[in-house]
Amino acid sequence: MASNTVVSSDDEDSNTMEDAGPSSENNSEATLAYMVAAIDFGTTYSGVAYSFKHEYKRDKMIIHCHKSISKNAAALTSLKVPTILLLTPDEKFEAFGFEAEEAYSHLVDSNAHFNWHYFKHFKMNLHKPPVKLSRETKIKDDQDQEVLALTVFSESIKYFKKKLHDSLKNAAIKPTDDTITWVLTVPAIWDNTAKQFMREAAVLAGIKDEHLKFALEPEAASVYCKEIHVQRKTGDEGDAFLTSYDPGTKYMVADLGGGTADFTVREVMSDGSLQEVLCASGEAWGGMTVNMEFWKFIEQLVGEDQMKEAFAECKAEQLDLERAIEQQKRDLKGDGDGSDIGIRLSLGGLNEYVEDGSAKKLQNTIKKGKLAIKNGRVKIPVSKVKDFFEPSVKNIQEHFVKLFKKEETQGVHNVILVGGFSESKIIQEAVKTILTGKRVVIPQDCGLAVLKGAVLYGHNPGIVSARISRFTYGTEVRRYFLKNFDDEKMRDKRHPDYCKEVFNKLVEKDTLVYVGQTVETEVYPLTPDMTGMTICMYYSDEKDPKYTTGCHYLGKMLVEMPDTTGGMDRKVVVSLHFGKTELVFEGRDETSKKTVSVKLDTLENEAIRK
């Protein structure tokens, strides 16, 4: 991408200084860091893992995962815990994961849960929120009470930070904050604002900004899948064996989590690094959609209003039902001959709320649905349960078909399923059915692929050598008004020879951008006596926007130009750096050689230019 030379100015012809926004901090890894810790912050389940540099050099796959125990699940030991947070009435941390689930259940049993704050599936608040995400955004808990989203997310991250330190303490290791490089996973389909929100939540949790990296979830999974033995080959003697992918190999990773489904295609380069072939895509098609369909079905049996009324008084039964749905969705094992599954409904607690004008009991309501009751369990045919998967299955299958029609996916023969939702047999069968002729691989620990891949990425961020730009990025400039090309309404009233709000493209959507690449453009003052130039950055879903109208405003920076002896023959070099998963915006006055570096504050500034 070549540099551009344009005529530009700031928003106003002012010689006064303007706020340049938050300055960029050094994000380089501390020289003393000797271990990497990663937090996979999922919609339904989350976990923390780590490895030491000396272990990584000896064997990359030596990765330690923190173990948690659930008392309610027959002392089940798990490497990930439910993404559930419990705060006290004064919004202080009480518990997370299994402990939060169990503590809240006890509070409910004692009818003492009122004013406590119980959060579940709250990560989805960052995926296309109904209103613009900001530092003041609040999210609702189980009782519709609102708490600052930053508090909810930072307390959750703080939990995993403490768990890591507890694990290390048990091993007689006492790391300091300067000795750990932290990696936090985020969906690739999230926008810039959501990523910055997670960064600020992590900093509030006590993780230093300069020690924090982001790993895009499907990208982390791609790194992990590259390292595990997944490619079948035949040796000289005809014997089959498995090896990691060779250079030139293209493969697709579908990260099917609880909230989102992310799809990405990578190619292994000659130096072993990974290059993105197709921009990450996907939507909210994860396992939560199955839970929602399951819940709708129960509501149809009992009645939506009756359910709400019942669970307002019998919160414990609601929690039990939520746990039962999640467990059955994951296992999908029928009783006896496997023709149906059992969901326990506390008939005694719900009966008084499901009586209608004819005084029909819950048992009659269920019988109308042609379902049986055995040992207090509603028996639901597996064929019906499969219907609950249909919305997700349909969207995932259609997206696979769409992706494999693209030119970029030609030569992709391997599709790897990772994420907790990919453990479902129904999902596995649905994917294999639609991808006939492709090799569908489900790693043994597919639910940990993102977490372990994030650790690997933290040790070697250079493993990802290039990414596809999801948007078109550019600055806003003024240039000479072009007759028969520019809209008359875009003529600058103060300077009629100029066109205002012109989009000056730096990077085009769907183009390959190498990690470490810098894209530059030259910007000139509008008047000879300007002593400062404010430069605004925008991005667009379009490939070639003409004006900034309709584009997303990312932020601005002020570059001082105190030496006016050059008049209008002075320039500022504006650059956009792609060294990380986030953007760095810089401006350099070529006369004074002074540089301004800005980390774009999307939580404060991002908006659509009307």
Original post:
Going through the distances and angles, do L456 and I463 end up as a side-chain contact (heavy atoms from CB on, under 4.5 Å)?
Top reply: CA-CA 9 Å; L456 296 173; I463 189 67; over 6 Å; no
Subject >> K120/D142 salt bridge by N-O under 4.0 Å criterion >> reply: no
Subject >> ring pair (Phe, Tyr, Trp, His ring centres under 6.0 Å), paired with F153, selected from F122, F160, Y159 >> reply: F122
**OP:** Flag the pair E398 and K394 as a salt bridge only when some basic side-chain nitrogen lies within less than 4.0 angstrom of an acidic carboxylate oxygen.
**Re:** yes
**OP:** Check F585 against M537 and note the closest heavy-atom contact, atom names and distance.
**Re:** CE1-CE, 3.0 Å
Original post:
For M292, does the CE atom have more than 12 heavy-atom neighbours from other residues, nucleotides or ligands under 6.0 Å away?
Top reply: no
Subject >> Shortest non-hydrogen contact between D40 and E217, atoms and distance >> reply: OD1-OE2, 4.4 Å
Subject >> Minimum heavy-atom distance A215-V183, with the two atoms named >> reply: CB-CG1, 3.6 Å
Subject >> K138 atom NZ, over 12 foreign heavy atoms within 6.0 Å >> reply: no
Original post:
How about H552 and D541: do any of their side-chain heavy atoms sit closer than 4.5 Å?
Top reply: yes
**OP:** Kindly write out the residues that satisfy salt bridge (charged side-chain N to carboxylate O under 4.0 Å, His left out) with E283, not counting sequence neighbours, or none if the list is empty.
**Re:** K128
**OP:** Over all heavy atoms of both residues, which pair between S273 and G462 is shortest? Give the atoms and the distance, please.
**Re:** CB-O, 4.0 Å
Subject >> Spacing of R135 atom CZ and L148 atom CG [to the nearest 0.5 Å] >> reply: 12.0 Å
**OP:** Indicate yes or no: does K452 engage E227 in a salt bridge with an N to O separation below 4.0 Å.
**Re:** no
**OP:** Tell me yes or no: between the side chains of S469 and T511, is some donor less than 3.5 Å from an acceptor?
**Re:** no
Original post:
If you look at every heavy atom in A466 and L512, which pair is closest and at what distance?
Top reply: CB-CD1, 3.6 Å
**OP:** Could you grab the distance from atom CG of L576 to atom OG1 of T475, nearest 0.5 Å is fine?
**Re:** 10.0 Å
Subject >> S392 to G286 - nearest heavy-atom pair and separation >> reply: OG-O, 3.4 Å
**OP:** Enter the distance from Y34:OH to D178:CG here, rounded to the nearest 0.5 Å.
**Re:** 11.5 Å
Original post:
Should we say atom NZ of K162 is surrounded by more than 12 heavy atoms from elsewhere, each under 6.0 Å from it?
Top reply: no
Original post:
How are the rings of F263 and H399 set relative to one another: parallel (under 30°), tilted (30 to 60°) or perpendicular (over 60°)?
Top reply: tilted
Original post:
Just by distance, with hydrogens left out, do H64 and S167 show a side-chain donor and acceptor under 3.5 Å apart?
Top reply: no
**OP:** State plainly whether the residues D191 and R470 are in salt-bridge range, i.e. N to O under 4.0 Å.
**Re:** no
Original post:
If you measure only the distance, is there a donor-acceptor pair under 3.5 Å linking the side chains of H121 and T43?
Top reply: no
Original post:
Are K432 and E429 ion-paired here, with the side-chain N under 4.0 Å from a carboxylate O?
Top reply: no
Original post:
CG of L216 to CD of E219: how many Å apart, nearest 0.5 Å?
Top reply: 4.5 Å
